[in-house]
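Shown next, in structure tokens, is the structure this report addresses.
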Number of protein chains: 2
Amino acid sequence: MKTTAKKKSLNPSDWEKATLDVIAHQGVSAVAVENIAKDLGVTKGSFYWHFANRKDLIVAALKRWQSDDKEVIKQEIWSIPDPHERLNAWFLLSAQPLQSHLIYATLLADRQHDFVAKVLKEVTLERLAYLQKSFQEIGYVEGQAKQQALMSYSVYVGYLHMAKTLHGKFKDSNNIENYAKYVAKQLIPA
Amino acid sequence: MKTTAKKKSLNPSDWEKATLDVIAHQGVSAVAVENIAKDLGVTKGSFYWHFANRKDLIVAALKRWQSDDKEVIKQEIWSIPDPHERLNAWFLLSAQPLQSHLIYATLLADRQHDFVAKVLKEVTLERLAYLQKSFQEIGYVEGQAKQQALMSYSVYVGYLHMAKTLHGKFKDSNNIENYAKYVAKQLIPA
DNA sequence: AATTGTCAATACGCAAGCGTATGGAAAATG
DNA sequence: CATTTTCCATACGCTTGCGTATTGACAATT
């Protein structure tokens with residue numbers, strides 16, 4: 001579903017974005033060059049001009065996802081000086097329906113592939129690090145901050161899967177922002 | 001890696017167990033009848049005597065997993081009358097390195113398949129229900145109990161993925177049971 | 001002893017999907 | 001205007017993996 005007839009020629013970036021769409025909704029294993037080509041309105045012949053093979057495409061797409069995500073955190077989270085507010089903002093951001101979150105959730109599934117596992121580990125460790133840092137700024141000692149960060153991040157990951165698994169079954173009863181606030185209240189000391 | 005030379009003939013149950021092994025470590029998409037046959041020391045010809053097709057095998061395996069899991073909860077959790085103790089036991093059980101948990105984690109990944117999504121939803125809703133019930137017994141009103149259950153369960157799911165993603169990177173610093181107790185203390189009111 | 005039922009091996013057809021080879025059209029460049 | 005570069009289509013070969021067909025071996029039954 002691309003807005004057809006916009007530009008005449010494709011670049012690697014277009015392929016990466018289309019690939020991320022597939023990863024977000026169907027996982028890495030579902031990335032098939034012929035299908036993505038069809039989505040973009042071309043055939044396989046085009047793909048192998050831009051990329052060497054399927055794996056290169058996926059790696060490039062994941063790299064793009066990783067750096068885009070890092071940029072968002074930098075802009076939206078690290079710009080907040082107060083650690084309380086910052087953590088609150090992070091929980092709110094986590095509950096937002098962003099493609100970035102979907103991708104993270106599916107990657108957790110496809111970590112059998114070593115190149116997926118690599119990106120995943122990097123991203124996870126970095127996220128844990130800045131959560132831990134914020135909790136330390138609040139006053140937690142290192143050990144506790146580490147556990148609190150791990151727990152907070154687990155809530156995030158768990159939530160992603162819940163939302164996917166349960167569908168409407170649970171955004172009816174209580175809306176998402178409410179839940180995010182509830183969680184934040186539980187995990188961030190007053 | 002089966003203990004070869006034990007019994008001369010296979011039954012559906014053997015196939016289901018071998019399938020769950022694959023699902024636990026590589027996910028549903030990795031279930032290939034020819035490979036599982038090799039694991040069991042036979043060839044494809046045998047498989048199609050026991051099952052109609054690949055999907056039937058997976059469905060049967062998942063059904064087995066679901067009922068086995070239900071049985072464990074019934075034995076280990078519901079036998080505990082006090083809700084505080086019961087919830088504590090549940091968190092401890094969650095941190096145990098059981099195959100059942102691995103399977104749940106990979107299923108979250110492979111929920112593109114409708115038959116996986118179905119089992120997953122059933123299991124998740126049931127688990128949320130008994131968590132919620134226990135929190136209500138503690139004194140939470142329904143709405144809060146629901147959110148608390150969701151959050152607790154999210155920590156569980158998130159933890160499963162963390163453990164997989166981070167590998168040794170985090171069972172060094174603090175052992176798993178310690179973390180489980182820390183989480184329980186945070187989520188279960190004194 | 002003959003027959004039937006149970007479990008498994010082998011061989012085949014078939015579709016999906018990756019990667020390659022080759023040629024062509026359109027745009028940039030000289 | 002000629003030529004090179006850029007981007008894409010078509011056609012092919014190859015592998016993987018599902019499902020079927022056929023045959024066989026061994027055990028249970030009569």
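Chain naming here is simple, since letters A, B, ... match the order of the sequence lines and numbering starts at 1 in each.
Looking at heavy atoms from C-beta onward, A:Leu102 lies out of side-chain contact with A:Leu160 at the 4.5 angstrom threshold.
For the pair A:Ile36 CD1 and C:dG19 P, the computed distance is 12 Å after rounding to whole Å. Look at NE2 on A:His50: it is 16 Å from C1' on C:dG19, rounded to the nearest Å. One atom, CZ of A:Phe51, and another, P of C:dC18, lie 14 Å apart when rounded to the nearest Å.
Atom NZ of residue B:Lys146 and atom CG of residue B:Leu128 lie 10.0 Å apart, to the nearest 0.5 angstrom.
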Item to check | Nucleic acid footprint by protein, nucleotides 9-22 of chain D - heavy-atom cut-off 4.0 Å, B for base, S for sugar-phosphate alone | outcome: BB------SBBB--

Next on the checklist: Can you build the contact string for nucleotides 24-30 of chain C? Use B for base contact, S for sugar-phosphate-only contact, and - for no protein heavy atom under 4.0 Å.
Outcome noted: -------

Exercise answer: donor-acceptor pairs, residues 133-140 of chain A side-chain atoms, under 3.5 Å, sequence neighbours excluded:
from, atom 1, to, atom 2, distance (Å)
A:Ser134, OG, A:Arg86, NH1, 2.8
A:Ser134, OG, A:Tyr130, O, 3.1
A:Gln136, OE1, A:Gln132, NE2, 3.3
A:Glu137, OE1, A:Arg86, NH2, 3.3
A:Glu137, OE2, A:Arg86, NH1, 3.2

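In this structure, A:Arg127 is positioned above the aromatic face of A:Tyr104, its NZ or CZ under 6.0 Å from the six-membered ring centre and within 45° of the axis.
Ring-plane geometry between B:His113 and B:Phe115 is classed as tilted, the angle between the planes lying from 30 to 60 degrees on a 0 to 90 degree scale. Below 30°, between 30° and 60°, or above 60°: for B:Tyr179 and B:Tyr159 the angle between ring planes is below 30°, a parallel geometry.
A:Tyr182 and B:Gln144 form no side-chain donor-acceptor contact under 3.5 Å, judged by distance and modelled atom types alone.
We find that B:Glu34 and B:Lys38 are not joined by a salt bridge, their nearest charged nitrogen and carboxylate oxygen being 4.0 Å or further apart.
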